[in-house]
Structures are given as C-alpha cells and as structure tokens.
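The chains referred to below are lettered A, B, ... by the order of the sequence lines, with proteins before strands, and numbering in each begins at 1. Computed from heavy atoms alone, side chains included, the values below leave out hydrogens, waters and symmetry copies. The structure presented is a predicted model; accordingly, all values stated were derived computationally and were not measured.
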Amino acid sequence: MSDLLSISNLTRTYGNKKVLDGLDLKIGTGKIVGLLAPNGEGKTTLFRLMAGLLTKNDGEILIDGQEPSEITNSYVSFLPDHYVLGGFHSIRGAMKHMKKYFSDFDEAKALSLMKRLKFAPNQRLASLSKGQKEQVQLILFLSRKAKLFLLDEPLAAVDPATRDFIVQTILSSFGEDNTVIISTHVVLDIELILDEIVMLKNGKVHLQGEADELRSKYGMTINDIFKEEFRFVEGGSENE
Amino acid sequence: MPWAFKENKPIFQQICDMIVIRILNGTYPMGSKLPSVREMAEEAGVNPNTMQRAMSHLEEKGLAITNRTSGRTVTTDEEILKRTKREYAVAAAEDFLQEMKKLGMSQNEAVSLIQDIGGEKK
C-alpha cells in the first residue's frame, strides 16, 4: 500500500534560513494527524508547499502519487490560517465559487452546517465578525469530499462553544478514505481527536507516533509532551 | 454519564472502561444493540479510529459481539458479565484500600468504615 502523503528530503529556505531542512514524512489514509510545533517552525510553509502555493528548493512531495499541482488540488482541501473570502460579497457567492472550482464540493453539507451555526446564505460576509468569517471559511473548506484536508490553525481564534462545533465538523468530514492534518500550537483543544502526532523541530520531523502510544510511553498528555519537547526552543513556545 | 477523559492515559483504554461501566450498570443492557462507532465517537468527541479500537478490544474480551444482521450488540453471556464486574470491583476496591493505607488505616479499619458508612446510608 502506498502512503497518501509521502515527503522526502524536503527543503525550503527563506534567505539564509532553512525553514524545512531535509524533512521526511509519510502519512497513510484514514487518520487525523496533529502537526504540532511552536510558531515559526515551518507548519504553514509545509502546508503551502503541499497545496502547491510555494515552490520547494529540494526534495519530493507526493500526494496520492502526484506532485502538488492542479491534479492534487482537486483532492486536497487547504484551509489557510487567514481569511481568504474577502473578494466575495455574500456566503452564497463564496459557495458558488467553491462549487465552480471544486467538483468535490458538497453544497448540501455546507448549507446544513451553515444552518447549524445560524448563518443564512444571503448574509453579507462584510457584516460578520472576524470569528464568524473564519467559521464560514472552515465550513466551506470542510464541505469538500477531499482525500486530504490541510487545516492550518483552525482553532486559533475561536471561543469554547465554537471549538466544540469545529471539532464535531472535523470528525464529520473524516472517514476511512481521507486524512485530516491539523496544524496547531494549542494542543490541548484537539488532543482527543488526533490518532497520530507529528512534531516539527529545526526543519525536520522531530517525533512521529500514534497518540495513544505516546501517552503510554511518556505517561503524559500530548500537550505535556509538546511542552516538554519544546521547552528550550529559542524564542520560547507560546504555551510556556 | 458524560465522557470525561484524563488525557495522560491511553484514550482507547479509558473508552473501554467507560463502555464496560455502561454495560455493567445497564445503560447498554445485555443483548442490546450498541450505537455505531461513528455515533459514539462523535458523542464522545474522540477519533473514530480510537473508538473502533476500543470496540475491537471489547469484542476480544467477549463483551461485545458483531453479527452480520444486527450490528454490534452487548453479550448475553452472563458468566462474562459477572466475571468482568468482579474484575472492575476488585480494581476499585484495591484503589480504595491503597488510599486508606496512605491515610494510615489498617484493612480492618477500612472495612469497618465501609460498613459504618453503608449503615448510615440505609
């Protein structure tokens, strides 16, 4: 069986800084993976490379056997950590766009999730708060039937009630035939839904393993392991 | 009964324990159909793979049975339920005695304490 995601020797530099320095990573199908690292350790760079929005300096990325391209973009849903729906007038407009560009967009699912959060399709995006805009964006990107979801810090700016909704939504989009990779530096919020953990450090995979095995091995929560592993990172992690 | 996790213990083990307790206390009665893995995972807010692993473990222990027509059900084997109940009760009792020991109580004192409290409750 080939892996859904297979990355070898991936290198990306910004000026003199090697953000990713010969990174190797393999991830299979049917998993919810936590990509954990403090800010500035290359999580977003890795996602942008996988989504074909950045070019690598060296190495290889294969997603279902293909280099990032229009082909992979048809089955990879990348949710950026910032708001990208600024060009649309209403929720309906943004949905139309998703439908046009992504053949796997599930409009019925998006509408039902919108309804649950009490959004109306004709609502103007400009009238929403920052948090609400992010929720709309999350719903749109999770409403694709993608093979690979890349969620960049989806829980960074949400209140606890919305957090639960987002976790439920992630679980509802997840199945045996896809994989969800969630990047975060706030581990505690999503610890229970992760089955695999990948920690990045110094441009490489520092630690990879099954969440429950790591809990047994260390006798700690993933959150505590994370704090332990990054305690001495220069600049400090925000969890300290 | 809510799903509440201590996150430093394998989640799969904790899920097993919680489902076993629900079986023993009759929330999921003998022979009844268990909710689907997906339903239970969403209710508990955990990864479906972890829930699946817990269910497989319960099947290995004979507490749950999968059959083609009716999905996954609780066992109807009273012997298994009895044995499991004793296992969990022994573990709880051992924990209790351990705590009492820490407080400097002998086993006899601990036992009579339980009897005293039990008497008050009646």
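Rounding to the nearest 0.5 angstrom, the gap separating the NZ atom in A/Lys31 from the CG atom in B/Asn49 is 6.5 Å. Here the straight-line distance linking atom CD of B/Gln52 with atom CD of A/Glu176 works out to 8.0 Å at 0.5 Å rounding.
Of the atoms belonging to A/Phe174, heavy atoms from both backbone and side chain fall under 4.5 Å from chain B. Proximity to chain B (any heavy atom under 4.5 Å) is restricted, for A/Leu194, to the backbone atoms N, CA, C and O.
Not a single donor-acceptor pair under 3.5 Å links the side chain of A/Asp212 to the backbone N or O of B/Thr50. Although no hydrogens or angles enter the test, the distance criterion places a donor-acceptor pair under 3.5 Å between the side chain of A/Gln168 and the main chain of B/Glu42.
Here the closest non-hydrogen pair linking B/Arg38 and A/Leu171 is NH1-O, 3.2 Å.
More than 12 heavy atoms of other residues, nucleotides or ligands lie within 6.0 Å of NZ in A/Lys133, so this atom counts as buried by the packing criterion. Within a 6.0 Å radius of NZ in A/Lys145, no more than 12 heavy atoms belonging to other residues, nucleotides or ligands are found. Taking a 6.0 Å sphere around NZ of A/Lys217, one finds it holds 12 or fewer heavy atoms contributed by other residues, nucleotides or ligands. Residue B/Lys85 places its NZ atom among 12 or fewer non-hydrogen atoms of other residues, nucleotides or ligands, all under 6.0 Å distant.
Listed options A/Asp195, A/Leu214, A/Ile32 were ranked by heavy-atom pairs under 4.5 angstrom with chain B; first place goes to A/Asp195.
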